[in-house]
Amino acid sequence: MKAEHKQGWLFVSPWVIGFVLLTAGPMVYSLYLSFTASSLLSPPQWVGLENYRRMFGDPIFYRSLGNTAYYAVLGVPLGMVLSLGLALLLDAPVRGLGFFRTLFFLPSVTNTVALSILWLWLLNPEFGLINLALARFGLEGPLWLQDETWAKPALVLMSLWTVGGQMIICLAALQGVPPELKEAAAIDGAGPVRRFFAVTLPLISPALLFNLIMGLVGALQVFTQAFVMTGGVQPGSEGGPNQSTLFIVLYIYKKAFQEYDMGYASALAWALFLIITVCTWIAWRVSKSRVHYEGGSA
Amino acid sequence: MNGLSHGSAPARVLRIGTLYLVLLGLGALFATPVAWMLSSSLHTLPDVFAQPYRWLPAVLQWENYVRAVTILPVPLFLWNTIVITVPVMAATALSSALVAYGFARFRFPGRDLLFSLCLATMMLPGQVTMIPLYILFARLGWVDTYLPLIVPALFGSPFYIFLLRQFFLTIPKDSEEAALIDGASRLRIWWSIILPQARPALATVLIFTFIGTWNDFFGPLLYLNSPEKATLTLGLNLMKTQVLGSGVVEWNVLMAGSLLVLLPNVVLFFLAQQHFIKGISMGASK
């Protein structure tokens, strides 16, 4: 082997070793586990497709899928629109916008457990700020997390408060749009709305696609909020009223680490992996024709 | 440029005025939860539940903060968090920089394939590996120790490898080539020529690693069973469970505890906002 080859391999070897030991190996083992009945204490027993068969007949699995889909379908588009809206406001050539950028960005760079506890209090049906504010307008607020219908919208509402990262990505993309293009469109008689849809939107579409995919991947893996906010005092009670906030990752966690049903949990994890891959692929394929990349159309 | 610079002067003033009004409204919406948190954390317990709610406490109840750090051993949680975070930061930065240097400066067969693989693992959902990893660490007897939280950092982290590689590619090769002719080893060059020049990128990596590790919930939840080994984030959840389980929920104490856990994030954010913006935009550009 040439000296340069050897040295190159040596430098990248920490990642290669880590990849084999902590990623590839565990992936293979997890696939194997999904075909076994397995707890921590006893060695895995091969059961073939039994876990997958069980999954397709498991109403709680479908419930967790439905909850996750609901959260993603409601939360991801709202988050994208809000983050783009905020970025558009901040892209104006006006003084003092740095303050607002900081304000909108800050909640996204913090501790999910602390934020969950804060929102638990904000959403408190009797004394929480949200229902106090609604009462001001003569509205009786819902029970939020204690109400099967309102628990997921409550979590979506909270997620909208942390769109700062997506906003920064939109803002960076907006600031990369050459002003000449917009001016040229203005000279051609295009109004602001027309300029936005004909010039700005195509140019920032890669950033929007990134936000869509990351938002989707994040929403499909939502866990901490549901665990902290909808768990009672008893361990194992997480998941909200009538399992309305039992998201798929929470279900996997409970199966694996509260019930030690490792084989079934592995099958669930692989189902989630497949779902995430397919969703990402669809989002990418569908948007590909609409996304504009600099230096050639995709 | 929303076309604010166009049009007549009065129309421009009107537009800017509207923009500020909208921003103030939205800003108030974003700031209110934090203001309410601060307000609640300084109220007596009866005042927390008083209706109508008064935003300003009659007397600032700093005791709530004392209670928040004594109801559970928060100083111990703080120490535990530091004991995990500092090694993870050092290990992540060094191992990622080593690997990134390998990808940036050497030609070897399979390099591009490996690099694509490295980028691909960024998108891999952790659920497909967490069960085998748990079993592995349990076999090694590492459950309820900090090792499962620290040791993986020694193998580099794909996003930081990517970020550092991109940065290394922008560093001119002249001084490295001169050092090679002088007989310096590649490792020595990496340490004394590349790393000093990569300080801004390393700072971004250290800040992101700090935020990620300091606030990690899932890792400690999985691996730390003994309450006295808990991190701040895990401890805060323990505090929540304990306080919610008592007769009258001390929301003022919970808000004080949550604020204390948030504080290092907020301070770091204000000190290094540009790093956050750079790191996040970098993530989108891959």
Side-chain angles (χ1 to χ4, degrees), chain A residues 4-5 7-9 11-12 14-15 17-19 22-23 26-27 29-30 33 40 88-89 91-94 100 102-104 106-107 109-114 117-118 121-122 127 129 132 165 168-169 172 179 182 192 207 210 221 224 228 233 249 252 256-257 262 265-266 269-270 272-273 276, chain B residues 1-5 16 19 22-23 27 30-31 33 36-37 40 49 53 95 98-99 101-103 106-108 111 114 118 121 125 127-129 131-133 138 152 154-156 161 186 211 215 217 222 233 236-237 240-241 244-245 251 254-255 258 261-262 265 269 273 276-277 280-281 284:
Chain A
E4 190 189 349
H5 295 175
Q7 281 186 318
W9 274 100
F11 271 96
V12 301
W15 178 75
I17 294 167
F19 175 74
L22 302 177
T23 306
M27 274 181 82
Y29 193 62
S30 136
L33 281 180
L40 258 190
L88 282 169
L89 290 174
D91 187 38
V94 178
F100 290 103
T102 304
L103 188 59
F104 298 147
L106 188 57
V109 195
T110 45
N111 185 296
T112 312
V113 173
I117 294 174
L118 166 61
W121 177 218
L122 285 166
F127 303 103
L129 184 64
L132 290 184
I168 292 293
I169 287 167
K182 277 189 270 184
F210 177 81
Q221 296 182 73
T224 305
V228 174
V233 178
V249 176
I252 297 174
F257 301 109
M262 299 288 192
S266 298
W270 274 92
L272 174 65
F273 179 46
I276 290 178
Chain B
M1 303 283 247
N2 285 330
L4 282 167
S5 47
I16 294 182
L19 173 72
V22 172
L23 280 173
F30 269 76
W36 156 267
M37 189 180 202
S40 299
F49 299 112
Y53 184 82
S95 59
L98 267 178
V99 176
Y101 187 64
F103 280 130
F106 296 89
R107 285 167 198 284
F108 54 92
R111 183 192 65 177
L114 271 187
C118 180
T121 58
Q127 292 78 28
V128 282
T129 52
I131 292 167
L133 283 178
L154 292 169
F155 302 100
I161 292 172
R186 280 291 193 169
I211 293 288
N215 295 311
F217 179 62
L222 226 50
T233 306
L236 186 62
N237 191 50
K240 177 217 77 175
T241 308
L244 287 186
W251 284 107
L254 274 183
M255 288 303 110
S258 301
V261 174
L262 288 180
N265 295 288
F269 182 80
Q273 194 180 162
F276 285 99
I277 291 175
I280 285 186
S281 318

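Each chain gets a letter, A, B and so on, in the order the sequences are listed, and its residues count up from 1. In this text, all values refer to a predicted model and were calculated from it rather than measured experimentally.
- For I117(A), the parts lying near chain B are the backbone and the side chain together; criterion is any non-hydrogen pair under 4.5 Å.
- Contacts between M37(B) and chain A at a heavy-atom distance below 4.5 Å involve backbone atoms as well as side-chain atoms.
- Contact annotation: the side chain of S258(B) never approaches that of L118(A) to less than 4.5 Å [non-hydrogen atoms, C-beta and beyond].
- A ring-centre distance under 6.0 Å is not found for W251(B) and F127(A).
- Heavy atoms closer than 4.5 Å to chain A are found in both the backbone and the side chain of L98(B).
- Heavy atoms of F100(A) lying under 4.5 Å from chain B belong exclusively to its side chain.
- For chain A, the nearby part of F217(B) is the side chain; its heavy atoms alone come within less than 4.5 Å.
- Under the 3.5 Å distance criterion, the side-chain polar atoms of S30(A) are matched with a main-chain donor or acceptor of V128(B).
- At a 4.5 Å heavy-atom cutoff, the contact between V249(A) and chain B is made by side-chain atoms alone.
- Residues N215(B) and T112(A) form no side-chain contact, since every pair of their non-hydrogen atoms from C-beta on lies 4.5 Å or further apart.
- Heavy atoms of L106(A) lying under 4.5 Å from chain B belong to its backbone as well as its side chain.
- A distance of 7.5 Å separates CG in L133(B) from OG1 in T23(A), rounded to the nearest 0.5 Å.
- Between chain B and the residues G18(A), S266(A), P26(A), P107(A), the largest count of heavy-atom pairs under 4.5 Å involves P26(A).
- Between chain A and the options L154(B), T233(B), I211(B), L254(B), the largest number of non-hydrogen pairs under 4.5 Å is found for T233(B).
- The contact between L122(A) and chain B is made by backbone and side chain atoms together, counting heavy-atom distances below 4.5 Å.
- The contact between I276(A) and chain B is made entirely by side chain atoms (from C-beta outward), counting heavy-atom distances below 4.5 Å.
- For the pair V12(A) and F106(B), the minimum side-chain heavy-atom distance is 4.5 Å or more.
- When heavy atoms are compared at a cutoff of 4.5 Å, T121(B) approaches chain A solely by way of its side chain, counted from C-beta outward.
- Using a 4.5 Å cut-off between heavy atoms, F103(B) touches chain A through backbone and side chain atoms alike.
- When the candidates F155(B), Y53(B), Y101(B) are compared by the number of heavy-atom contacts under 4.5 Å with chain A, F155(B) comes out ahead.
- Under 3.5 Å, the side chains of T110(A) and N265(B) contain no donor-acceptor pair of N or O atoms.
- Looking at F49(B), the atoms closer than 4.5 Å to chain A (heavy atoms on both sides) sit in the backbone and in the side chain alike.
- For S281(B) against A172(A), the heavy-atom pair with the smallest separation is OG-CB, 4.0 Å.
- Side-chain contact between I168(A) and F104(A) is absent, with no heavy-atom pair separated by less than 4.5 Å.
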